[in-house]
There are 2 protein chains.
Amino acid sequence: MPGRPYHHGNLRSALLAAAERTVRERGVQDLSLRELARDVGVSHGAPRRHFPDRQALLDALAETGFDRLGDELRTAVDAVGDDFEARLRATAVAYIRFATADPALLDLMFAVKHREQAEHLQQAAERAFSVMLEVILQGQAEGRLEPGDPERVGLVLFATIQGIAALLNGGMVVPEQLDELLDDSIAHFLRGSRTAV
Amino acid sequence: MPGRPYHHGNLRSALLAAAERTVRERGVQDLSLRELARDVGVSHGAPRRHFPDRQALLDALAETGFDRLGDELRTAVDAVGDDFEARLRATAVAYIRFATADPALLDLMFAVKHREQAEHLQQAAERAFSVMLEVILQGQAEGRLEPGDPERVGLVLFATIQGIAALLNGGMVVPEQLDELLDDSIAHFLRGSRTAV
DNA sequence: ACCTGAACACCGTTCAAGT
DNA sequence: ACCTGAACACCGTTCAAGT
């Protein structure tokens with residue numbers, strides 16, 4: 001391994017890693033391509049080969065964010081056995097943990113203007129949310145949730161979970177209230193869905 | 001009214017108005033103090049008297065945002081008579097309308113780092129949300145919602161509404177799904193709360 | 001194929017000086 | 001009390017040139 005080769009070798013992933021760190025620690029508005037290039041030891045023009053502009057880097061960050069979210073949801077659900085309610089709660093907790101551990105990244109993931117043209121990103125998002133969909137399907141199969149389009153049934157819960165994360169990140173709910181709020185939300189969801197129609 | 005006096009006269013509010021417009025049309029990241037100063041016809045150093053830095057302007061925008069949100073919620077609730085469920089729905093619709101008409105402003109309102117030190121802002125937020133709290137109290141008085149701390153009871157609904165707005169703004173829910181999702185959410189909330197405990 | 005470095009037009013912030 | 005204008009250090013973006 002040479003001391004400082006002309007070609008960085010893995011500049012793209014090095015930039016993404018550094019960017020992810022900055023976004024997490026200081027927010028998107030403090031992310032500078034030039035600073036990133038300095039951190040990684042490359043000239044300020046170099047990132048352009050891999051990310052045509054700042055937005056392209058942010059889109060790439062969003063995509064890896066969805067990948068990581070999917071992984072974390074999957075891991076959380078798998079770790080908890082196959083009781084429906086336990087899996088439901090584990091999914092919610094994992095989502096909220098992700099969202100609060102990296103608020104700026106979540107914003108980035110929701111901030112995609114051109115969702116149609118960003119095919120990769122769309123797919124990454126669907127992979128992530130497929131974990132939640134599976135849990136909904138299980139709930140329907142066990143008669144714990146109303147039948148019908150699982151996406152529709154799950155949307156209310158997804159919205160609530162996302163809202164809880166937003167309230168936490170906005171400081172409108174303090175962490176001490178989280179358990180209670182989550183219990184209430186899941187209880188509402190289950191009670192509301194059981195004998196629906 | 002002189003053509004171009006040395007003192008602008010109401011520079012602060014002129015800057016805020018121009019800023020609100022830019023944020024709505026182009027987002028926060030495109031908001032430049034220098035451009036604002038140009039638009040308003042003042043030198044680039046002038047805003048500093050009224051907003052020590054960019055963040056101060058953003059905080060002020062958030063505060064006027066809460067004021068406007070409060071007004072819109074109030075108007076919506078008052079316009080609908082005194083049926084509890086109608087008022088509940090009107091509040092939700094008004095919140096979502098505000099959030100989707102001006103997504104960047106809502107982000108700003110949720111993005112306050114130093115919520116404790118920003119006393120004004122805190123109060124503006126509480127005024128805005130007091131409308132929702134009143135509706136919850138009415139629901140409890142009429143036995144349509146479970147008794148107990150109204151803030152706790154309302155939080156689930158607030159989270160869901162905020163989540164719906166986020167899903168819409170993120171393109172994860174298309175406007176055509178909104179009515180259905182809102183119906184489902186309110187139905188869940190009412191069914192889940194009625195015979196609670 | 002990938003990176004460098006000068007160039008351009010733009011920022012936010014500071015501060016002496018003007019009215 | 002409020003605003004101007006020069007100055008500074010930083011950006012993102014572009015592009016010829018180097019390896």
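Residue numbering restarts at 1 for every chain, and letters A, B, ... go by the order of the sequence lines. These values consider heavy atoms only, across backbone and side chains, with no hydrogens, waters or symmetry-generated copies.
- Within 6.0 Å of the CZ atom in A:R24, the count of heavy atoms belonging to other residues, nucleotides or ligands exceeds 12.
- Closest to the side chain of B:D53, from the set D:dT13, D:dC3, C:dT13, is C:dT13.
- With contacts defined as side-chain heavy-atom distances shorter than 4.5 Å, the pair B:T160/B:F189 does not qualify.
- Nucleotide D:dT19: paired with C:dA1 (Watson-Crick or G-U wobble, both distances less than 3.5 Å).
- Taking atom CG of residue A:D39 and atom C1' of nucleotide D:dC11, one finds them 15 Å apart after rounding to whole Å.
- Contact annotation for B:L36: no contact, since no heavy-atom pair falls under 4.0 Å across all strands.
- B:L57 comes within 4.0 angstrom of no nucleic acid atom, judged by non-hydrogen atoms across all strands.
- Summarising the geometry, the separation between CZ on B:R38 and P on D:dG5 is reported as 14 Å, rounded to the nearest angstrom.
- Here C:dT13 presents its P atom at 6 Å from CG of B:L33, a figure rounded to the nearest Å.
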> So B:V173 and B:I164, side chain to side chain contact (heavy atoms under 4.5 Å, CB included) or not? Walk me through it.
Replying inline: CA-CA 8 Å; B:V173 165; B:I164 291 174; 6.0 Å; no
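- Here A:E146 does not pair with A:R152 in a salt bridge; the nearest charged N to carboxylate O distance is not below 4.0 Å.
- Going from atom CG of A:L11 over to atom P of C:dT4 covers 8 Å, rounded to whole Å.
- Nearest-nucleotide assignment on DNA chain C puts the 5′-proximal partner with A:S43, out of A:R34 and A:S43.
- Taking atom CZ of residue A:R49 and atom C1' of nucleotide D:dT19, one finds them 13 Å apart after rounding to whole Å.
- The shortest distance between the side-chain N/O atoms of B:S32 and the OP1/OP2 oxygens of C:dC10 is not below 4.0 Å.
- One interatomic measurement links the two molecules: CG of A:D30 to C1' of D:dC10, which rounds to 12 Å at whole-angstrom precision.
- Distances shorter than 4.0 Å separate none of the side-chain N or O atoms of A:R12 from OP1 or OP2 on C:dA1.
- Between A:E35 atom CD and C:dG12 atom P the separation is 18 Å, expressed in whole Å.
- Regarding A:L58, its CG atom lies at a distance of 12 Å from the C1' atom of D:dG12, rounded to whole Å.
- Not a single donor-acceptor pair under 3.5 Å links the side chain of A:E180 to the backbone N or O of A:Q177.
- The pairing partner recorded for C:dA9 is none, the criterion being a Watson-Crick or G-U wobble arrangement whose two distances lie under 3.5 angstrom.
- Between B:H44 and A:G45, it is B:H44 whose nearest contact on DNA chain D lies nearer the 5' terminus.
- Closest contact between the side chain of A:A46 and the listed nucleotides D:dG12, C:dT4, D:dC3 involves C:dT4.
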